[in-house]
Visitor: 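One structure, pasted below without further comment.
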Amino acid sequence: MVLRALIGCGFLFFLVSCSSNQTQKDILPTETPQEKGASLFLIHCASCHGENGKLGASGAKDLTSSKLSDKEITNIINNGKNAMPPMNVLLENKENIDLVIQHVKSLRK
Ligand code: HEC
């Protein structure tokens, strides 16, 4: 009886893990550049700036009222500023940095 239950569970688990793999594969290639910028922002920036850019944790600036140019934002991402650490290593490459900058600007009012 116990064995049957265990096998049953194993089978269920197998089904669940297969189906979740499937959705991952379905989602990733269709991610738009905007969505990628938004998820990078959520992963690397939202802890201080908040999902909407207004959180202001550890003294982070409100990104919705920021007026910096792409070049100035790149500079802050590459070098950090005061309590903000450099984020370029975490973002990995220039393409990701550009996607995040586009997302940051889309948060502006
Ligand atoms: C550890 C917290 C933290 C994280 C993570 C963080 N920031 Fe910041 N950010 C700050 C702080 C603090 C400031 C204010 C710096 C200052 O001027 O003193 C700031 C300022 C900024 C500014 C300047 C805004 C302005 O108008 O002056 C931009 C742009 C910015 N962050 C973008 C980002 C992006 C994009 C990410 C993710 C790649 C990120 N930040 C991740 C804390 C953080």
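Positions are given from 1, in the same order as the sequence printed here. We count ligands from 1, going down the list as the structure has it; atoms in each ligand are counted the same way. Since the model is a prediction, treat every value here as computed from it, not as a measurement.
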Visitor: Checking side-chain contact (heavy atoms from CB on, under 4.5 Å) against Met87, which of Ile77, Ile76, Val100 comes through?
Guide: Ile77
Visitor: Any donor and acceptor pair, going by atom type alone, linking the side chain of Glu72 with main-chain N or O of Ser69 inside 3.5 Å?
Guide: yes
Visitor: To the nearest 0.5 Å, what is the distance between CG (Leu40) and CD (Glu95)?
Guide: 9.5 Å
Visitor: In the protein, which heavy atom is nearest to atom 5 (C) of ligand 1, and how far is it?
Guide: His44 O, 3.3 Å
Visitor: Would you tabulate the side-chain donor-acceptor contacts of residues 47-61 under 3.5 Å, counting partners in other chains and residues two or more places apart, or write 'none'?
Guide:
residue, atom, partner, partner atom, Å
His49, ND1, Lys61, O, 3.1
Asn52, OD1, Lys54, N, 3.0

Visitor: Sort by chain and number the protein N/O/S atoms found under 2.8 Å from atom 8 (Fe) of ligand 1.
Guide: His49 NE2, Met84 SD
Visitor: Side chain or backbone of Leu91 under 4.0 Å from ligand 1, or both, or neither, by non-hydrogen atoms?
Guide: side chain
Visitor: Lys36 vs Asn96, test: side-chain contact (heavy atoms from CB on, under 4.5 Å). Steps then yes/no.
Guide: CA-CA 8 Å; Lys36 188 161 185 213; Asn96 286 350; 3.1 Å; yes
Visitor: Taking it one step at a time, do Leu107 and His103 satisfy side-chain contact (heavy atoms from CB on, under 4.5 Å)?
Guide: CA-CA 7 Å; Leu107 297 172; His103 182 73; 3.9 Å; yes
Visitor: Please identify which atoms of ligand 1 are closer than 4.0 Å to at least one heavy atom of Val104.
Guide: 35 (C)
Visitor: Answer yes or no: is there a side-chain heavy-atom contact under 4.5 Å between Asn78 and Ile97?
Guide: yes
Visitor: Using side-chain heavy atoms (C-beta onward) and a distance below 4.5 Å, is Lys94 in contact with Asn88?
Guide: no
Visitor: Please confirm whether the backbone N or O of Leu63 pairs with a side-chain atom of Ser66, one donor and one acceptor, at under 3.5 Å?
Guide: no
Visitor: What residue and atom, counting heavy atoms only, is the protein's closest point to atom 35 (C) of ligand 1, and at what distance?
Guide: Val100 CG1, 3.4 Å
Visitor: For Ser39 and Glu31, which I'm curious about, is there any donor-acceptor pair between the side chains at under 3.5 Å?
Guide: yes
Visitor: So which heavy atom in the protein is nearest atom 18 (O) of ligand 1, and how far is it from that ligand atom?
Guide: Asn82 ND2, 2.7 Å
Visitor: What residue and atom, counting heavy atoms only, is the protein's closest point to atom 12 (C) of ligand 1, and at what distance?
Guide: Ser58 O, 3.3 Å
Visitor: Give me the residue, atom name and distance of the protein heavy atom closest to atom 26 (O) of ligand 1.
Guide: Ser66 OG, 2.7 Å
Visitor: Just which atoms of ligand 1 are under 4.0 Å from any heavy atom in Pro85?
Guide: 1 (C)
